[in-house]
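To start, the structure under review is shown below, and the notes come after it.
Indexing begins at 1, ligand by ligand and atom by atom, following the structure's order.
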Amino acid sequence: MQTRKFGALAGLAAAGVALGVAEAVAILTGASTSPLLSVGGVVIDSVPASVKDFAVDVFYTYDKLALSIGTLVVLAAIAAGIGVLATRRRIWGYTGIALFGVVGIAAALSRHNAPWYAFVPTLLGAAAGAGVLHWLLTHEAGDNATPEERRWFLRAAGYTILGAAVVGFAGRWWSTRRNVEADRAAIDLPSVPPNTVAPLPPEADANLPDLAPFVTPNKDFYQIDTSLVVPQLTTEDWKLRIFGRVEKEITISWAELLKRPMIERYVTLACVSNEVGGGLISNAKWQGVRVDDLLAEARPKAGADQVVSRSIDGFTAGTPTAVLRDGRDAMLAIAMNGEPLPVEHGFPVRMVVPGLYGYVSATKWLVELELTSFADFDAYWIKRGWSAQGPIKTESRIDTPRDGSNPRAGEIMIAGVAWAQHRGVSKVEIRIDDGAWQTATLLPVPSIDTWRQWTLKWAATPGRHRITVRATDNGGQTQTDAVAPPDPDGATGRHSINIDVK
Ligand SMILES: Nc1nc2c(c(=O)[nH]1)N[C@H]1C(S)=C(S)[C@@H](COP(=O)(O)O)O[C@H]1N2
Ligand SMILES: [Mo]
């Protein structure tokens, strides 16, 4: 075997073992101490917002999978290079591993709430990697090796890489799923007093194929967050601290939260990154505790015009204190569509605020509410150039017929959703080609805080047609046709589709 190939394999084996050991140790010390996850987290937090939008656009919510795979490919290439160098001078190999170690340790220690022992997984991983490199290099099967030695080496390197990969991935999977799913399954949701339950009008859903259902099933609910693996927070470890510019600091445990009065509401969440016609919007029934009650107990001081909600992973959103206290159903949600919050959607507790985009309100894995001012603190996306104020814009979408489809001539149903959370949708209009705006039928809704389905029957004539939608909210504002991108405070424009009627 050529020395170069041998070196590359040895480098890969050393890196595989280093990562495998580090990930296995991180099972004990916590996901936040994993070098892979903390380096990934640093990358996510430091890429410019424009690149991140691009990633969201291109990979949708698979952006993090793409990031992980990309990282592994780059790591493998560097590891192979280090291995090759190590066959020339061994010290270069150890130096390469040490540099990786330093990067991993620096990243782990820099993470939000990093424990003092966050360096341990990387240190042990790097030591194991160096050991493997040493071992393989002293059993050098380079140019003057016998065929048996070569085969032995290939097999040793192969098994080492495979073993490390299996240990690493199995460990990561096991450690992220362990406690929390069992904890979640054991939860007995407190009942909601009947008079606080938001009734769902039976006719809210037209039940048309291709039309987004009025209530989005949890598994189909859009997901956006900055965490590489979803934070795992048990109800036992969870507590919420309300502090900052308040008269009375409050800390609440899970048991105490469950004892408080609960409400249940349908609220449609929307992401500011949603493009016109896009799918980063979903509707669910949330159960939780009113935020205004808690704030009233904490008594915000004068000038505390911003409530910063902070996640266990350090994400922050800044919400106007006035919005949280204006009587709308802002809540600390513990359940989504009748089950405890799915881990991806913020288990055990998240914020839900009707009328505001998620990036300024909907903090998942919530652990802190800090009363401060907009002048004093910029939350996660504000630091990256997005608007500090994020009211949801009045928008609408055509779901059926599908863009580019070929429906048969004759009567067809055009249908979609429209939203203007906390103002409510008062009218939806449809235009076929350059015709007049026709008023669509609005389906009933439980409140002004959800999206609203709409339908319009149309006698489709053969040929190409363009269908455009616009909504008007209860404030009398009609959705603008001025096209704007999502950055900095939400996309505008009108959704239209092209069809070819047969
Ligand atoms: N901890 C945490 N909470 C978060 C985010 C995040 O990155 N981290 N993203 C916010 C954004 S931008 C949106 S749009 C909503 C999405 O909530 P969902 O994933 O449950 O749909 O969560 C918000 N809460
Ligand atoms: Mo978002």
Only heavy atoms of D313, strictly under 4.0 Å: list the atoms of ligand 1 that pass. 1 (N)
Just going by heavy-atom distances, which of G314, G358, S311, G346 is nearest to atom 10 (C) of ligand 1? G358
Under 4.0 Å between a side-chain nitrogen and a carboxylate oxygen: does that hold for R260 and E297? yes
Which residue from Y222, F315, W386, Y357 reaches closest to atom 5 (C) of ligand 1 through any of its heavy atoms? F315
Output yes when the distance from some N or O of ligand 1 to some N or O of W365 is under 3.5 Å, and no in every other case. no
I need the nearest protein heavy-atom contact for atom 23 (C) of ligand 1: residue, atom name and distance, please. A362 O, 3.5 Å
Salt-bridge present (R290, D329; N to O < 4.0 Å): yes
Region of L280 engaging ligand 1 - heavy atom pairs below 4.0 Å: neither
Is K383 salt-bridged to D45, cutoff N-O under 4.0 Å? no
Validation row, ring centre F221 to ring centre W286 under 6.0 Å: yes
In terms of residue, atom name and distance, what is the protein heavy atom nearest to atom 15 (C) of ligand 1? R350 NH2, 3.9 Å
Identify whether the distance between the nearest side-chain nitrogen and carboxylate oxygen of D225 and K364 falls below 4.0 Å. yes
Give the atom numbers and elements of ligand 1 that come within less than 4.0 Å of a heavy atom of Y359. 11 (C), 12 (S)
Going by distance alone, is a donor N or O of one side chain under 3.5 Å from an acceptor N or O of the other, for S387 and D489? no
Which of the numbered atoms in ligand 1 are below 4.0 angstrom from a heavy atom of C271? 14 (S)
Nearest neighbour in protein (non-hydrogen) for atom 19 (O) of ligand 1: K364 NZ, 2.5 Å
re atom 9 (N) of ligand 1, the protein heavy-atom contact at minimum distance is I224 O, 3.3 Å
T363 side chain reached by L366 side chain, heavy atoms, under 4.5 Å: yes
Is the shortest distance from a Lys or Arg side-chain nitrogen in D210 or R402 to a carboxylate oxygen in the other one below 4.0 Å? yes
Per-atom contacts, ligand 1 versus T363 - under 4.0 Å to a heavy atom: 3 (N), 24 (N)
Would D225 count as a polar contact of ligand 1, with the cut-off being nitrogen or oxygen pairs under 3.5 Å? no
Within the 4.5 Å heavy-atom criterion, are T492 and V276 side-chain neighbours or not? no
Would you sort out whether W254 and E236 count as a side-chain contact (heavy atoms from CB on, under 4.5 Å), showing the intermediate values? CA-CA 7 Å; W254 173 254; E236 197 188 322; over 6 Å; no
Going by the closest heavy atom to atom 18 (P) of ligand 1, which one wins out of E344, R310, H345? H345
Please check whether F221 reaches ligand 1 - meaning an N/O of the residue sits under 3.5 Å from an N/O of the ligand, judged on distance alone. no
Heavy-atom contact under 4.0 Å between M351 and ligand 1? no
